[in-house]
Q: 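Let me give you the structure first, and then I'll get to my questions.
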Amino acid sequence: MDGGNQSVVSEFVLLGLCHSWNIQLLLFIIFCVLYLIVVSGNISIVIFIITDSHLYSPMYFFLANLSFVDMLLSSVTTPKMITDLLRENKTIHFGGCMSQIFFSHFIAAFEMVLLVIMAYDRYVAICKPLHYSTIMSLQKCIALVVTSWIIGFVHSMSQVVVIVQLPFCGPRDIDSFFCDTPLVIKLACMDSYNLEILMKVHCGVVGITCFILLLISYTYILLTVHQSSKTGTSKALSTCIAHVTVVVLFFGPCIFIYVWPLSITWIDKFLAVFYSVITPLLNPAIYTLRNKEMKNAMKRFRSYYRDSNVTI
């Protein structure tokens, strides 16, 4: 199209999850409750780890970062989705749309790399226990987390820089509850097929690479321990099962949305909700309910709080 005949789109229209007012009211209540649980649950884990000296170890340092980033991941899209459930006109400004794309991919890529780091931490702890404290020093743990942030930033910025320069002059309806790369690219006033494929490959490379590294890591852990002792195998399974569960819950929707060649709108919406609301909700439950040290930390926190009230 001729650039002189194009008008700049200043906002997009989000079509949301459904069109029934009664269902939207029900979803509003459900998502409000779930989001409060997500925020309070993940903040609680961070507080327990920071305040309890028994949890001062690399594994819980990474877990605190995971809980923090889960809270951020949910906060990128969920508050907007909740408020839009009570609105007839669900619009989002162009800048807000670009912000959602940037932060959602930034945080998601960071979490993918962080899960790989957590797998590496478990590998060192189980397969090289005598060298654990040396290999996983505080300085190295901090460096690994900073590296995760950098990778997430570069991955996200490389997408936003491309999308923000696209010509948006006509269609502005996004059939979802938030702005996502494939959906926004389709609205550009140009032949966007090759760009859509490129962006999906870009996301797929990050996701698939991290997922393969995770599979290799946990497989190697279990095989190594199995060769040493049956008791060790049982302990390794108990240690790794929570991590593997989180990996499957997190990577499953991502791979289906960005790598699977077929796109079915209602499935994509369901997986997007699962990815942004349910997964950050399940992570704290999985780690706290299956982790003995986290349970003990919660008991110590409650005892301290109760004793403080008695003293007062």
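In this text, all values refer to a predicted model and were calculated from it rather than measured experimentally.
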Q: Looking at side-chain heavy atoms only, is the closest gap between Val161 and Gln165 below 4.5 Å?
A: yes

Q: Which atom pair, heavy atoms only, marks the closest approach of Cys18 to Ile23?
A: SG-CG2, 3.6 Å

Q: Taking atom SG of Cys210 and atom CG of Leu215, what is their separation to the nearest 0.5 Å?
A: 11.5 Å

Q: Side-chain donor-acceptor pairs under 3.5 Å in residues 94-110, sequence neighbours left out?
A:
from: Ser99; atom 1: OG; to: Gly95; atom 2: O; distance (Å): 2.9
from: Gln100; atom 1: OE1; to: Cys179; atom 2: N; distance (Å): 2.8
from: Ser104; atom 1: OG; to: Gln100; atom 2: O; distance (Å): 2.7
from: Ser104; atom 1: OG; to: Ile101; atom 2: O; distance (Å): 3.1
from: His105; atom 1: ND1; to: Gln159; atom 2: NE2; distance (Å): 3.4
from: His105; atom 1: NE2; to: Asp180; atom 2: OD1; distance (Å): 3.2
from: His105; atom 1: NE2; to: Thr181; atom 2: OG1; distance (Å): 3.1

Q: Apply side-chain contact (heavy atoms from CB on, under 4.5 Å) to Val124 and His131, showing your working.
A: CA-CA 8 Å; Val124 176; His131 304 283; 5.8 Å; no

Q: With sequence neighbours excluded, tell me which residues meet side chain to side chain donor-acceptor pair (under 3.5 Å) with Ser148.
A: none

Q: I need the minimum non-hydrogen distance between Tyr132 and Met59, along with the two atoms involved.
A: OH-N, 3.9 Å

Q: Is a side-chain N or O of Thr279 found less than 3.5 angstrom from the main chain of Phe274, in a donor-acceptor match?
A: yes

Q: Apply salt bridge (Lys or Arg N to Asp or Glu O under 4.0 Å) to Asp175 and list each qualifying residue two or more places apart in sequence or on a separate chain.
A: Lys269

Q: So if I apply the side chain to side chain contact (heavy atoms under 4.5 Å, CB included) rule between Val162 and each of Ile185, Leu198, Leu195, which one comes out positive?
A: Leu195

Q: Give the minimum heavy-atom separation between Ile92 and Lys80, together with the two atoms involved.
A: CB-CE, 4.2 Å

Q: For Tyr220, check ring-ring contact (aromatic ring centres under 6.0 Å, His included) against everything at least two apart and list the hits.
A: Tyr123

Q: Nearest 0.5 Å, please: how far is CD1 in Ile50 from CD1 in Ile45?
A: 12.0 Å

Q: Quick one: pull up CG in Leu271 and CD1 in Ile278 and give me the separation to the nearest 0.5 Å.
A: 11.5 Å

Q: Taking ILVMFWY side chains as joined if any heavy atoms are under 4.5 angstrom apart, and letting links pass through other members, which residues group with Leu15?
A: Val13

Q: Are the side chain of Ser156 and the backbone N or O of Gly152 linked by a donor-acceptor pair below 3.5 Å?
A: no

Q: Would you compute the distance between atom CG of Asn65 and atom CD1 of Ile117 and round it to the nearest 0.5 angstrom?
A: 9.0 Å

Q: Salt bridge (Lys or Arg N to Asp or Glu O under 4.0 Å) with Lys90: which residues, sequence neighbours excluded?
A: none

Q: Under 6.0 Å between ring centres, would you say that holds for Phe48 and Tyr60?
A: no

Q: Out of curiosity, Phe68 CZ to Ile49 CD1, how far, rounded to the nearest 0.5 Å?
A: 13.0 Å

Q: Only counting residues at least two apart or in another chain, list the ones meeting ring-ring contact (aromatic ring centres under 6.0 Å, His included) with Phe62.
A: none

Q: Going through the checks in order, is the side-chain contact (heavy atoms from CB on, under 4.5 Å) test met by Glu111 and Phe250?
A: CA-CA 9 Å; Glu111 184 161 346; Phe250 182 80; 3.6 Å; yes

Q: Could you list the residues that satisfy ring-ring contact (aromatic ring centres under 6.0 Å, His included) with Phe177, not counting sequence neighbours?
A: none

Q: Quick one: which of Ile212, Asp121, Val247, Leu214 gives a side chain to side chain contact (heavy atoms under 4.5 Å, CB included) with Val116?
A: Leu214

Q: So, do Leu73 and Val69 sit near enough that their side-chain heavy atoms are less than 4.5 Å apart?
A: no

Q: Side-chain contact test, heavy atoms from C-beta onward, threshold under 4.5 Å: evaluate it for Leu63 versus Val46 and give yes or no.
A: no

Q: Using salt bridge (Lys or Arg N to Asp or Glu O under 4.0 Å) as the criterion, list what pairs up with Glu11, not counting sequence neighbours.
A: Arg172

Q: Please answer: with hydrophobic residues joined when any side-chain heavy atoms are less than 4.5 Å apart, are Ile47 and Tyr56 in the same cluster?
A: no

Q: Given the rule in the side-chain contact (heavy atoms from CB on, under 4.5 Å) test, do Met81 and Leu27 qualify, once you have shown the distances and angles that lead to the verdict?
A: CA-CA 10 Å; Met81 175 184 66; Leu27 292 177; over 6 Å; no

Q: Once side chain to side chain donor-acceptor pair (under 3.5 Å) is applied, do any residues pair with Ser158, and if so which ones, sequence neighbours excluded?
A: His202

Q: What's the spacing between Tyr275 OH and Phe270 CZ if we round to 0.5 Å?
A: 15.5 Å

Q: How close do Ser176 and Leu14 get, heavy atom to heavy atom, and via which atoms?
A: O-CB, 3.6 Å

Q: Please report the closest heavy-atom contact between Ile221 and Ala119, naming both atoms and the distance.
A: CD1-O, 3.9 Å

Q: Could you list the donor-acceptor pairs under 3.5 angstrom formed by side chains in residues 30-42, with sequence neighbours left out?
A:
from: Tyr35; atom 1: OH; to: Ser75; atom 2: OG; distance (Å): 2.7
from: Ser40; atom 1: OG; to: Leu36; atom 2: O; distance (Å): 2.7
from: Ser40; atom 1: OG; to: Ile37; atom 2: O; distance (Å): 3.2
from: Asn42; atom 1: ND2; to: Val38; atom 2: O; distance (Å): 2.8
from: Asn42; atom 1: ND2; to: Pro280; atom 2: O; distance (Å): 3.2

Q: Return all side-chain donor-acceptor pairs below 3.5 angstrom for residues 136-146, not counting sequence neighbours, or 'none' if the list is empty.
A:
from: Ser137; atom 1: OG; to: Lys140; atom 2: N; distance (Å): 3.4
from: Lys140; atom 1: NZ; to: Tyr120; atom 2: OH; distance (Å): 3.3

Q: Determine whether Val184 and Phe168 satisfy the following criterion, side-chain contact (heavy atoms from CB on, under 4.5 Å), listing intermediate values before the conclusion.
A: CA-CA 9 Å; Val184 174; Phe168 296 101; 3.6 Å; yes

